[in-house]
2 protein chains.
Amino acid sequence: MGRAKSQASYLEQALRADGVRITRQRTALLKVLAEAKDHPDANELHSRAREIDPTMSLATVYRTLTALEQQGLVHRHVFEGASARFEIADARHHDHIIDIDKGEIIEFRSPEIERLQEQIAERHGYEIVSHKLELYCRKKAT
Amino acid sequence: MGRAKSQASYLEQALRADGVRITRQRTALLKVLAEAKDHPDANELHSRAREIDPTMSLATVYRTLTALEQQGLVHRHVFEGASARFEIADARHHDHIIDIDKGEIIEFRSPEIERLQEQIAERHGYEIVSHKLELYCRKKAT
DNA sequence: TTTACTGCAAATACTTTGCAATGGG
DNA sequence: CCCATTGCAAAGTATTTGCAGTAAA
(Lines give C-alpha, C1' and ligand atoms only; values in the text may rest on other atoms or scores of the structure.)
Protein backbone atom coordinates (compact mmCIF):
# COMPACT_ATOMS: atom_id res chain seq x y z
CA MET A 1 0.00 0.00 0.00
CA GLY A 2 2.98 2.27 0.60
CA ARG A 3 3.86 1.53 -3.00
CA ALA A 4 0.51 2.65 -4.33
CA LYS A 5 0.44 5.80 -2.25
CA SER A 6 3.90 6.91 -3.29
CA GLN A 7 3.14 6.07 -6.90
CA ALA A 8 0.06 8.27 -6.75
CA SER A 9 1.90 11.21 -5.25
CA TYR A 10 4.68 10.78 -7.76
CA LEU A 11 2.10 11.18 -10.51
CA GLU A 12 0.69 14.28 -8.80
CA GLN A 13 4.16 15.79 -8.66
CA ALA A 14 4.76 15.07 -12.31
CA LEU A 15 1.46 16.62 -13.30
CA ARG A 16 1.87 19.65 -11.09
CA ALA A 17 5.31 20.22 -12.58
CA ASP A 18 3.58 20.59 -15.91
CA GLY A 19 1.19 23.24 -14.69
CA VAL A 20 -1.64 20.79 -14.35
CA ARG A 21 -4.04 21.31 -11.46
CA ILE A 22 -4.59 18.55 -8.96
CA THR A 23 -8.32 18.39 -8.44
CA ARG A 24 -10.40 16.20 -6.18
CA GLN A 25 -11.34 14.04 -9.19
CA ARG A 26 -7.78 13.64 -10.35
CA THR A 27 -6.59 12.65 -6.92
CA ALA A 28 -9.24 9.94 -6.88
CA LEU A 29 -8.28 8.64 -10.31
CA LEU A 30 -4.59 8.59 -9.49
CA LYS A 31 -5.29 6.64 -6.33
CA VAL A 32 -7.35 4.12 -8.27
CA LEU A 33 -4.66 3.79 -10.92
CA ALA A 34 -1.92 3.33 -8.37
CA GLU A 35 -3.86 0.65 -6.54
CA ALA A 36 -4.95 -1.26 -9.64
CA LYS A 37 -3.26 -4.60 -9.95
CA ASP A 38 -5.09 -5.42 -13.17
CA HIS A 39 -5.48 -3.47 -16.41
CA PRO A 40 -8.83 -1.68 -16.07
CA ASP A 41 -10.65 0.13 -18.86
CA ALA A 42 -12.02 3.67 -18.60
CA ASN A 43 -15.40 2.46 -17.44
CA GLU A 44 -13.95 0.35 -14.67
CA LEU A 45 -11.68 3.18 -13.55
CA HIS A 46 -14.74 5.40 -13.49
CA SER A 47 -16.64 3.03 -11.19
CA ARG A 48 -13.70 2.66 -8.86
CA ALA A 49 -13.02 6.39 -8.74
CA ARG A 50 -16.70 7.13 -8.09
CA GLU A 51 -16.40 5.25 -4.83
CA ILE A 52 -13.88 7.81 -3.70
CA ASP A 53 -15.47 10.81 -5.38
CA PRO A 54 -19.06 10.24 -6.56
CA THR A 55 -19.06 13.44 -8.61
CA MET A 56 -16.46 12.00 -11.00
CA SER A 57 -17.71 11.82 -14.58
CA LEU A 58 -16.58 9.45 -17.32
CA ALA A 59 -15.52 12.41 -19.45
CA THR A 60 -13.10 13.51 -16.76
CA VAL A 61 -11.71 10.00 -16.51
CA TYR A 62 -10.98 10.06 -20.23
CA ARG A 63 -9.60 13.58 -20.14
CA THR A 64 -7.27 12.81 -17.28
CA LEU A 65 -6.11 9.54 -18.80
CA THR A 66 -5.35 11.30 -22.05
CA ALA A 67 -3.36 13.93 -20.19
CA LEU A 68 -1.44 11.30 -18.23
CA GLU A 69 -0.77 9.39 -21.41
CA GLN A 70 0.60 12.47 -23.12
CA GLN A 71 3.02 12.98 -20.24
CA GLY A 72 4.05 9.36 -20.67
CA LEU A 73 2.85 8.55 -17.15
CA VAL A 74 0.20 6.07 -18.22
CA HIS A 75 0.05 3.51 -21.00
CA ARG A 76 -3.06 2.84 -23.06
CA HIS A 77 -3.43 -0.66 -24.46
CA VAL A 78 -6.00 -1.49 -27.09
CA PHE A 79 -6.36 -5.26 -27.21
CA GLU A 80 -8.42 -7.01 -29.87
CA GLY A 81 -12.13 -6.28 -29.85
CA ALA A 82 -12.09 -4.60 -26.47
CA SER A 83 -12.01 -1.07 -25.11
CA ALA A 84 -8.74 0.52 -24.16
CA ARG A 85 -7.13 -0.54 -20.90
CA PHE A 86 -4.80 1.60 -18.84
CA GLU A 87 -1.88 1.11 -16.50
CA ILE A 88 0.69 3.31 -14.83
CA ALA A 89 3.79 3.53 -16.97
CA ASP A 90 6.36 1.22 -15.53
CA ALA A 91 10.07 1.94 -15.62
CA ARG A 92 10.65 -1.43 -17.19
CA HIS A 93 8.88 -2.02 -20.45
CA HIS A 94 6.83 -5.17 -20.80
CA ASP A 95 4.50 -6.89 -23.22
CA HIS A 96 1.28 -8.83 -22.65
CA ILE A 97 -0.24 -12.26 -22.78
CA ILE A 98 -4.02 -11.99 -23.10
CA ASP A 99 -6.00 -14.95 -21.79
CA ILE A 100 -8.72 -15.09 -24.43
CA ASP A 101 -11.03 -17.14 -22.21
CA LYS A 102 -10.83 -15.18 -18.99
CA GLY A 103 -9.76 -11.81 -20.38
CA GLU A 104 -6.90 -11.76 -17.89
CA ILE A 105 -3.70 -9.96 -18.76
CA ILE A 106 -0.27 -11.33 -17.89
CA GLU A 107 2.82 -9.19 -18.26
CA PHE A 108 6.14 -10.47 -19.49
CA ARG A 109 9.50 -9.16 -20.57
CA SER A 110 11.86 -10.47 -23.23
CA PRO A 111 15.04 -8.53 -23.85
CA GLU A 112 15.92 -11.19 -26.36
CA ILE A 113 12.86 -10.40 -28.51
CA GLU A 114 13.49 -6.68 -28.12
CA ARG A 115 16.97 -7.18 -29.48
CA LEU A 116 15.64 -9.07 -32.49
CA GLN A 117 13.09 -6.34 -33.12
CA GLU A 118 15.84 -3.76 -33.20
CA GLN A 119 17.74 -5.83 -35.72
CA ILE A 120 14.70 -6.17 -37.95
CA ALA A 121 13.92 -2.45 -37.87
CA GLU A 122 17.57 -1.69 -38.53
CA ARG A 123 17.60 -4.02 -41.49
CA HIS A 124 14.72 -2.07 -43.02
CA GLY A 125 16.28 1.31 -42.33
CA TYR A 126 13.98 2.18 -39.47
CA GLU A 127 14.29 3.01 -35.81
CA ILE A 128 11.62 1.79 -33.42
CA VAL A 129 9.58 4.49 -31.72
CA SER A 130 7.32 2.07 -29.89
CA HIS A 131 6.15 -1.45 -30.32
CA LYS A 132 3.39 -3.79 -29.38
CA LEU A 133 3.68 -7.50 -28.79
CA GLU A 134 0.56 -9.33 -27.71
CA LEU A 135 0.13 -13.06 -27.33
CA TYR A 136 -3.53 -14.13 -27.41
CA CYS A 137 -3.47 -17.39 -25.50
CA ARG A 138 -5.46 -20.16 -23.94
CA LYS A 139 -4.49 -22.13 -20.84
CA LYS A 140 -2.79 -25.36 -21.82
CA ALA A 141 -4.95 -28.48 -21.48
CA THR A 142 -2.43 -30.87 -19.97
CA MET B 1 -2.01 -9.73 -62.77
CA GLY B 2 -2.37 -13.44 -63.22
CA ARG B 3 -1.60 -13.69 -59.54
CA ALA B 4 -4.37 -11.36 -58.52
CA LYS B 5 -6.91 -12.99 -60.76
CA SER B 6 -6.19 -16.49 -59.54
CA GLN B 7 -6.17 -15.29 -55.95
CA ALA B 8 -9.61 -13.79 -56.44
CA SER B 9 -11.06 -16.92 -57.97
CA TYR B 10 -9.49 -19.01 -55.22
CA LEU B 11 -11.38 -16.90 -52.69
CA GLU B 12 -14.60 -17.35 -54.67
CA GLN B 13 -14.13 -21.11 -54.64
CA ALA B 14 -13.51 -21.13 -50.92
CA LEU B 15 -16.61 -19.05 -50.25
CA ARG B 16 -18.81 -21.04 -52.60
CA ALA B 17 -17.68 -24.24 -50.90
CA ASP B 18 -19.18 -22.81 -47.73
CA GLY B 19 -22.56 -22.18 -49.30
CA VAL B 20 -21.87 -18.48 -49.67
CA ARG B 21 -23.27 -16.79 -52.76
CA ILE B 22 -20.94 -14.98 -55.13
CA THR B 23 -22.67 -11.72 -55.89
CA ARG B 24 -21.67 -8.90 -58.19
CA GLN B 25 -20.58 -6.88 -55.16
CA ARG B 26 -18.51 -9.67 -53.72
CA THR B 27 -16.77 -10.30 -56.98
CA ALA B 28 -15.80 -6.65 -57.07
CA LEU B 29 -14.49 -6.67 -53.51
CA LEU B 30 -12.49 -9.85 -54.05
CA LYS B 31 -10.92 -8.35 -57.14
CA VAL B 32 -9.96 -5.23 -55.22
CA LEU B 33 -8.55 -7.27 -52.36
CA ALA B 34 -6.53 -9.47 -54.68
CA GLU B 35 -5.08 -6.49 -56.51
CA ALA B 36 -4.26 -4.49 -53.38
CA LYS B 37 -0.56 -4.22 -52.76
CA ASP B 38 -1.08 -2.13 -49.65
CA HIS B 39 -3.21 -2.67 -46.55
CA PRO B 40 -6.43 -0.73 -47.23
CA ASP B 41 -9.14 -0.01 -44.67
CA ALA B 42 -12.85 -0.67 -45.24
CA ASN B 43 -13.44 2.80 -46.57
CA GLU B 44 -10.64 2.57 -49.09
CA LEU B 45 -11.84 -0.87 -50.21
CA HIS B 46 -15.28 0.62 -50.59
CA SER B 47 -14.04 3.40 -52.90
CA ARG B 48 -12.02 0.98 -54.98
CA ALA B 49 -14.85 -1.51 -55.28
CA ARG B 50 -17.30 1.24 -56.22
CA GLU B 51 -15.28 1.87 -59.35
CA ILE B 52 -16.10 -1.65 -60.43
CA ASP B 53 -19.61 -1.78 -59.04
CA PRO B 54 -21.03 1.63 -58.08
CA THR B 55 -23.95 0.06 -56.23
CA MET B 56 -21.61 -1.36 -53.59
CA SER B 57 -22.39 -0.09 -50.09
CA LEU B 58 -20.03 0.23 -47.16
CA ALA B 59 -22.19 -2.14 -45.14
CA THR B 60 -21.66 -4.86 -47.71
CA VAL B 61 -17.93 -4.25 -47.66
CA TYR B 62 -17.92 -4.78 -43.91
CA ARG B 63 -20.22 -7.80 -44.09
CA THR B 64 -18.12 -9.48 -46.74
CA LEU B 65 -14.86 -8.74 -44.96
CA THR B 66 -16.26 -10.19 -41.76
CA ALA B 67 -17.33 -13.32 -43.63
CA LEU B 68 -13.93 -13.67 -45.28
CA GLU B 69 -12.23 -13.15 -41.96
CA GLN B 70 -14.31 -15.87 -40.32
CA GLN B 71 -13.27 -18.30 -43.04
CA GLY B 72 -9.70 -17.30 -42.35
CA LEU B 73 -9.32 -15.95 -45.87
CA VAL B 74 -8.64 -12.37 -44.87
CA HIS B 75 -6.77 -10.84 -41.95
CA ARG B 76 -7.94 -7.76 -40.11
CA HIS B 77 -5.26 -5.58 -38.54
CA VAL B 78 -6.08 -2.86 -36.07
CA PHE B 79 -3.08 -0.59 -35.77
CA GLU B 80 -2.86 2.19 -33.22
CA GLY B 81 -5.38 4.98 -33.56
CA ALA B 82 -6.53 3.95 -37.00
CA SER B 83 -9.38 2.00 -38.53
CA ALA B 84 -8.95 -1.68 -39.31
CA ARG B 85 -6.93 -2.60 -42.37
CA PHE B 86 -7.40 -5.76 -44.37
CA GLU B 87 -5.28 -8.10 -46.44
CA ILE B 88 -5.72 -11.49 -48.04
CA ALA B 89 -4.52 -14.19 -45.68
CA ASP B 90 -1.11 -15.27 -46.74
CA ALA B 91 0.15 -18.81 -46.38
CA ARG B 92 3.16 -17.53 -44.50
CA HIS B 93 2.48 -15.56 -41.39
CA HIS B 94 4.10 -12.18 -41.03
CA ASP B 95 4.16 -9.18 -38.74
CA HIS B 96 4.26 -5.46 -39.47
CA ILE B 97 6.41 -2.39 -39.30
CA ILE B 98 4.25 0.74 -39.33
CA ASP B 99 5.91 3.88 -40.67
CA ILE B 100 4.42 6.41 -38.25
CA ASP B 101 5.20 9.32 -40.55
CA LYS B 102 3.91 8.00 -43.84
CA GLY B 103 1.44 5.42 -42.54
CA GLU B 104 3.07 2.84 -44.77
CA ILE B 105 3.08 -0.80 -43.73
CA ILE B 106 6.06 -3.08 -44.23
CA GLU B 107 5.75 -6.81 -43.68
CA PHE B 108 8.43 -8.94 -42.10
CA ARG B 109 8.88 -12.43 -40.79
CA SER B 110 10.95 -13.67 -37.85
CA PRO B 111 10.81 -17.37 -37.05
CA GLU B 112 13.30 -16.63 -34.30
CA ILE B 113 10.91 -14.29 -32.51
CA GLU B 114 8.05 -16.76 -33.04
CA ARG B 115 10.10 -19.41 -31.33
CA LEU B 116 10.78 -17.15 -28.36
CA GLN B 117 7.09 -16.30 -28.13
CA GLU B 118 6.25 -19.98 -27.92
CA GLN B 119 8.74 -20.42 -25.12
CA ILE B 120 7.31 -17.51 -23.18
CA ALA B 121 3.74 -18.75 -23.50
CA GLU B 122 4.84 -22.23 -22.55
CA ARG B 123 6.60 -20.91 -19.48
CA HIS B 124 3.32 -19.34 -18.33
CA GLY B 125 1.29 -22.47 -19.05
CA TYR B 126 -0.38 -21.07 -22.15
CA GLU B 127 -0.60 -21.94 -25.80
CA ILE B 128 -0.68 -19.16 -28.36
CA VAL B 129 -3.87 -18.88 -30.38
CA SER B 130 -2.77 -15.81 -32.29
CA HIS B 131 -0.37 -12.99 -31.78
CA LYS B 132 0.35 -9.47 -32.84
CA LEU B 133 3.73 -7.88 -33.24
CA GLU B 134 3.86 -4.32 -34.48
CA LEU B 135 6.88 -2.06 -34.70
CA TYR B 136 5.93 1.62 -34.88
CA CYS B 137 8.93 3.13 -36.62
CA ARG B 138 10.46 6.17 -38.18
CA LYS B 139 12.93 6.20 -41.07
CA LYS B 140 16.45 6.42 -39.79
CA ALA B 141 18.19 9.77 -40.15
CA THR B 142 21.43 8.05 -41.17
C1' DT C 1 -38.35 -20.59 -56.35
C1' DT C 2 -35.93 -20.15 -52.29
C1' DT C 3 -33.52 -17.69 -49.12
C1' DA C 4 -28.96 -15.43 -48.88
C1' DC C 5 -27.65 -10.92 -49.88
C1' DT C 6 -28.24 -5.92 -50.61
C1' DG C 7 -28.76 -0.81 -49.66
C1' DC C 8 -30.37 2.27 -46.51
C1' DA C 9 -30.82 4.25 -42.27
C1' DA C 10 -30.78 3.62 -37.60
C1' DA C 11 -28.31 1.57 -33.76
C1' DT C 12 -23.92 0.45 -31.27
C1' DA C 13 -19.93 1.17 -28.51
C1' DC C 14 -16.34 3.82 -27.18
C1' DT C 15 -14.33 8.21 -26.89
C1' DT C 16 -14.09 13.20 -27.54
C1' DT C 17 -15.87 17.90 -27.26
C1' DG C 18 -18.65 22.46 -26.62
C1' DC C 19 -20.41 25.05 -23.04
C1' DA C 20 -21.55 27.30 -18.89
C1' DA C 21 -20.59 26.59 -14.12
C1' DT C 22 -17.00 25.50 -10.61
C1' DG C 23 -12.88 25.55 -7.93
C1' DG C 24 -7.62 25.14 -7.55
C1' DG C 25 -3.54 27.88 -6.83
C1' DC D 1 -9.07 36.49 -9.05
C1' DC D 2 -8.06 33.93 -13.20
C1' DC D 3 -8.31 30.37 -16.08
C1' DA D 4 -7.82 25.22 -15.94
C1' DT D 5 -11.12 21.77 -15.02
C1' DT D 6 -15.66 19.85 -14.42
C1' DG D 7 -20.36 17.57 -15.51
C1' DC D 8 -23.59 17.16 -18.84
C1' DA D 9 -25.24 16.31 -23.13
C1' DA D 10 -24.34 16.31 -27.77
C1' DA D 11 -21.12 15.05 -31.42
C1' DG D 12 -17.77 11.96 -33.43
C1' DT D 13 -15.82 7.50 -35.36
C1' DA D 14 -15.81 3.06 -36.92
C1' DT D 15 -18.58 -0.76 -37.35
C1' DT D 16 -22.87 -3.50 -37.01
C1' DT D 17 -27.70 -4.51 -37.70
C1' DG D 18 -33.01 -4.52 -38.78
C1' DC D 19 -35.82 -4.43 -42.58
C1' DA D 20 -38.00 -4.81 -46.91
C1' DG D 21 -36.66 -5.36 -51.47
C1' DT D 22 -33.36 -7.94 -54.87
C1' DA D 23 -30.98 -11.49 -57.06
C1' DA D 24 -27.97 -15.83 -56.90
C1' DA D 25 -28.37 -20.80 -57.65
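A, B, ... follow the sequence lines: proteins, then strands. Residue 1 opens every chain. What you are looking at is a predicted structure, and each value in this text was computed from that prediction instead of being measured.
Going from atom CG of Asp18(B) over to atom P of dA25(D) covers 14 Å, rounded to whole Å. The CZ-P distance, from Phe79(B) to dT13(D), rounds to 22 Å in whole Å. Distance Leu15(B) CG to dA4(C) P: 15 Å, rounded to the nearest Å. To the nearest angstrom, P of dT6(C) lies 12 Å from NE2 of His46(B). The CG atom of Leu68(B) sits 11 Å away from the P atom of dC5(C) (whole-angstrom rounding). Spacing between atom CG of Asp41(A) and atom C1' of dT16(C) amounts to 16 Å, rounded to whole angstrom units. In this structure, Leu45(B) atom CG and dA14(D) atom C1' are separated by 14 Å, rounded to whole Å.
Arg24(B) has no side-chain polar atom (N or O) that falls below the 4.0 Å cut-off from OP1 or OP2 of dT6(C). Contact between the side-chain N/O atoms of Arg26(B) and the OP1/OP2 oxygens of dT6(C) is found at a separation under 4.0 Å. For the pair Gln25(B) and dG7(C), the criterion of a side-chain N or O lying under 4.0 Å from OP1 or OP2 is met.
In this structure, OH in Tyr126(B) is found 12.5 Å from CZ in Phe108(A), a value given to the nearest 0.5 Å. To the nearest 0.5 Å, atoms CD1 (Ile105(A)) and CD1 (Ile98(A)) are separated by 5.0 Å.
Salt bridge absent: Asp41(B) and Arg85(B) never bring a charged side-chain N and a carboxylate O closer than 4.0 Å.
Taking the nucleotide of DNA chain D with the nearest heavy atom to each of Arg85(B) and Arg21(B), the more 5' of the two is matched to Arg85(B). Residue order along DNA chain D, read from the 5' end via each residue's closest nucleotide, puts Ala82(B) first among Val20(B) and Ala82(B).
Of the candidate nucleotides dG25(C), dT16(D), dT6(D), dT16(D) has the atom nearest to the side chain of Arg76(B). Distances from the side chain of Thr23(B) to the nucleotides dT6(C), dG25(C), dT6(D) place dT6(C) closest. Distance from the side chain of Ser83(B) is smallest for dA14(D) among the nucleotides dC5(C), dA14(D), dA25(D).
His93(B) and His75(B) share no side-chain donor-acceptor pair at under 3.5 Å. Glu107(A) and His39(A) share a donor-acceptor pair across their side chains, judged by distance under 3.5 Å alone. Glu118(B) and His131(B) are not linked by any side-chain donor-acceptor pair at a separation below 3.5 angstrom, with hydrogens and angles left out of the test.
Interface residues of residues 50-66 of chain A facing DNA chain D, ordered by number: Thr55(A), Met56(A), Ser57(A), Ala59(A), Thr60(A), Arg63(A); criterion, heavy-atom separation under 4.0 Å.
What you find for Arg92(A) and Asp90(A) is that their closest heavy atoms are NH1-OD1, 2.9 Å.
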